[in-house]
Amino acid sequence: MKYYQALGISLLVAGALAYEDCKSCYIHYEDSDGYWGYNGDEWCIINEEYCKEVKAKGDCWIKDYFSCCDEGAEVIYEDHNGKWGIQGANDWCLIVEKQSEEVPTSGATDECWSLELGYPCCKTTKDVVYTDNSGDWGLENGDWCGIVEGKSEGGESSKGVTRTTLADGGILESGVFTTMPPSHTQAPYPEKPNTGTDACSSKWHMQDGVCVAMYCEDNLQSENCDECGGEAGKGGCVAVDSKTGKSGIYPEVHDARNHDWHYSRSTHYGLTYAGACAFGVYGLCSFKSNVTMESEICQKFCKNYPDLCEDPVDTKLSLRGNFIAPNGNYYTQFWSSLPGDYDNYLSCGECYELEITQEDGSLYPEKQRRSENIIAQIVDSCPCSANAKWCCGSGIDHCNEIDFKYGCPIPEDSVHFDLSDIAMARLQTNDPNGGMVEGVIPIRYKRVPCPVKGNIYIRILPGANQWYFAINVVNVANMGSLVAVEVLRNGKWAPLARDPNYSSTRPQERYGSWVVPPLKKGEQSEPFETPLTLRFTDSAFNTLTAPDAIKEWPETDDYFYYVDSGVQFPMPEN
């Protein structure tokens, strides 16, 4: 859980940001500006021409980070750095191949180029769903196929985009944000020295490039190894599996409807507006909670943005004040359909229906129900590195003092939810202002479309101007979560980036803001002139354009300043 005040996190600066060329060719991150690496502890831009020459020599150019494989190693994985194998004690190694002088930029020829990659060529479509260095990709019968110029037997080159203008003026499109072929897999996390900004605290352990929790195996209450020596593998100190600090465990979800119930358990963590999603007061304040309405911050917020404090009118279930934090490797996920090597998706904004169950896992009889179900929204992360008892996932946490049926471990594929005190009180007493008898309760949950009231709102962090800004997008209906935010500038869509100001050794603590990407070295900055038109893409890959969403830069230092975008994603029909 993030308890710090997030005001100083964003890199809000006036003017352009420029980065040096990397001294290494190892790619840590990719975005629309290119490939990124490190010079020491500082980000740098990969010099692709220089690295092309380095790799062409066939030497072990990656030796500062990984070893190179012995001759004949089997290819296990492939990414932008090259082909990877495993040797020794399950250690990743790079398979070095001498590079040719010319790199093909497109496979769109009259030959079926995609056969070499294991995919057929398209026979009935020319709709381009994705383009990479191999060529243009399409979809037929749910499978990827390569598009050959002039050889398709039918179809128009429409790019597969559908467009609808909504009553509120928003433009809803599908097929704009394209997906990647299914060969895109998660890269191995790079090893990092346990120093500087990447260091783990003394209470955590560096393992496979990420910080993981430790606990004393003979103490079910422990959250670290202070009482058993403090060193993993000695004195009964146990470090949890590194997968608790990484993503890629949970499947992609592109439809919030018709999900099955999962059984789990929930703890609670108070009331905070410093969550990892950076939603601010959104999700906390509610007209129905005396706790929040006694707060001067919530009184001001609800007066300025009443829709964001009221429960939706088309459901009897409460929403406002019910915020949740899932275990961190769910909060940060890897989706093979999104760009990036790892941790390319945040679950911020997703909605779940929760119900309290009896300790044996059965539901309460109707006349004995403790409360109505609630809908809760993800606004934070519960990282395993800081909470080994609850936030590590099924079979990995060590909370065995809980004796109800699915108290510990929770069932396989289930998520632990840390709840706001308001949500916890509602589930136990049917009253947002009621008491909490238990600190941990058995629940069941399922993903549901977000029935929010009002439009999408944009939280603009202080210091925003025409050169650089950071925003958060809240109150997204239906899917609740976004995979892309873009700004129309000089007639072209400029993508924003997830705030990069976090340690890659603690991916579960990624910050949820969208920021202006850093400039490449030598690139000139361009101002963002208001009014700004924004485009949002949700996790179902529907795209919504909000004309003139930000009409002017706010002249205020209000940390909880929100702007009504004027548009909203439609809810599903059923």
Side-chain angles (χ1 to χ4, degrees), residues 1-12 269-311 319-325 346 348-349 376-381 420-423 432 450 452-465 468-477 480-482 485 496 498-499 501 510-516 530 532 534 536 546 549-566 568:
M1 195 60 47
K2 286 196 156 185
Y3 289 99
Y4 60 80
Q5 177 59 274
L7 181 60
I9 291 293
S10 64
L11 302 175
L12 292 175
Y269 68 99
L271 301 171
T272 178
Y273 50 80
C277 292
F279 281 178
V281 185
Y282 175 80
L284 167 66
C285 302
S286 167
F287 284 126
K288 294 182 179 180
S289 171
N290 294 337
V291 176
T292 58
M293 287 314 296
E294 290 172 357
S295 162
E296 182 179 346
I297 293 177
C298 278
Q299 288 180 7
K300 179 181 178 181
F301 175 79
C302 292
K303 180 181 179 180
N304 291 337
Y305 317 107
D307 279 354
L308 304 186
C309 289
E310 293 183 0
D311 285 330
L319 171 66
R320 303 307 188 189
N322 302 332
F323 58 82
I324 53 178
L346 300 185
C348 295
Q377 198 164 24
I378 292 177
V379 304
D380 204 350
S381 165
S420 65
D421 282 3
I422 294 174
C450 287
V452 299
K453 184 177 181 181
N455 294 322
I456 294 173
Y457 276 72
I458 304 158
R459 179 189 177 204
I460 306 177
L461 275 70
N465 57 55
Y468 197 84
F469 58 89
I471 64 173
N472 309 110
V473 184
V474 304
N475 213 50
V476 176
S481 50
L482 299 178
V485 177
L496 300 182
R498 290 286 190 186
D499 192 330
N501 189 28
R510 289 204 67 171
Y511 194 56
S513 290
W514 297 93
V515 301
V516 178
T530 55
L532 287 183
L534 271 64
F536 313 112
I550 301 177
K551 295 178 173 53
E552 58 185 0
W553 299 117
E555 297 181 0
T556 177
D557 291 328
D558 185 354
Y559 191 55
F560 304 120
Y561 182 84
Y562 297 77
V563 172
D564 187 340
S565 72
Q568 183 59 275

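What you see below is based on every heavy atom in this structure, not just the backbone, and it leaves out hydrogens, waters and symmetry mates.
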| remark: Closest heavy-atom pair, Asn472 versus Ala278, reported as atoms and distance to 0.1 Å, is OD1-O, 2.8 Å
| said: Can you confirm whether Phe323 sits close enough to Gln377 that some side-chain heavy atom of one is under 4.5 Å from a side-chain heavy atom of the other? | reply: no
| task | Without swapping roles, check the side chain of Thr292 against the backbone of Ser289 for a donor-acceptor pair under 3.5 Å. | result | yes
| message | I need the Ile550 CD1 to Ile460 CD1 distance, nearest 0.5 Å. | response | 4.0 Å
| query | How about Asn475 and Asn455: do any of their side-chain heavy atoms sit closer than 4.5 Å? | reply | no
| Closest heavy-atom pair and its distance - Cys450, Val476 | CB-O, 3.7 Å
| request: Rounded to the nearest 0.5 Å, what's the gap from OG on Ser481 to CZ on Phe536? Could you check? | output: 14.0 Å
| How close do Cys285 and Cys302 get, heavy atom to heavy atom, and via which atoms? | CB-SG, 3.7 Å
| Could you state the interatomic distance from CZ (Arg510) to CG (Asn501), rounded to the nearest 0.5 Å? | 11.0 Å
| message | Does any part of the side chain of Val515, heavy atoms only, come nearer than 4.5 Å to the side chain of Tyr468, both counted from C-beta? | response | yes
| said: Using the rule given for side-chain contact (heavy atoms from CB on, under 4.5 Å), can you reason through Trp553 versus Thr530, listing the C-alpha separation, both sets of side-chain angles and the distance that settles it, and then say yes or no? | reply: CA-CA 7 Å; Trp553 299 117; Thr530 55; 3.6 Å; yes
| said: Determine whether a donor-acceptor pair (N or O, by modelled atom type, separation under 3.5 Å) exists between the side chain of Ser420 and the backbone of Gly321. | reply: yes
| note | Rounded to the nearest 0.5 Å, the CG atom of Leu284 sits from the CZ atom of Phe560 at a distance of 8.5 Å
| How about Trp514 and Ile458: do any of their side-chain heavy atoms sit closer than 4.5 Å? | no
| Value rounded to 0.5 Å, distance of CG in Leu271 from OG in Ser295 | 9.5 Å
| query | Are side-chain heavy atoms of Phe469 and Leu461 found at a separation under 4.5 Å? | reply | no
| query | So which heavy atom on Pro306 is nearest to which on Phe287, and how close? | reply | O-CE1, 3.6 Å
| Atom pair NZ/OH of Lys300 and Tyr305 - distance to nearest 0.5 Å | 8.0 Å
| message | Looking at every non-hydrogen atom in both residues, tell me the closest pair between Met293 and Gln299 and how far apart they are. | response | O-NE2, 2.7 Å
| field | Heavy-atom side-chain contact between Tyr559 and Arg459 under 4.5 Å | value | yes
| field | Parallel, tilted or perpendicular: ring planes of Phe279 versus Tyr282, cut at 30 and 60 degrees | value | perpendicular
| Is any side-chain heavy atom of Arg320 closer than 4.5 Å to a side-chain heavy atom of Val452? | yes
| is_close_aromatic(Tyr457, Tyr562), centroid dist under 6.0 Å | no
| request: Compare every heavy atom of Leu482 with every heavy atom of Arg498, then report the nearest pair and how far apart it is. | output: NH2-O, 3.3 Å
| Do Val281 and Cys298 come within less than 4.5 Å of each other through their side chains, counting heavy atoms only? | yes
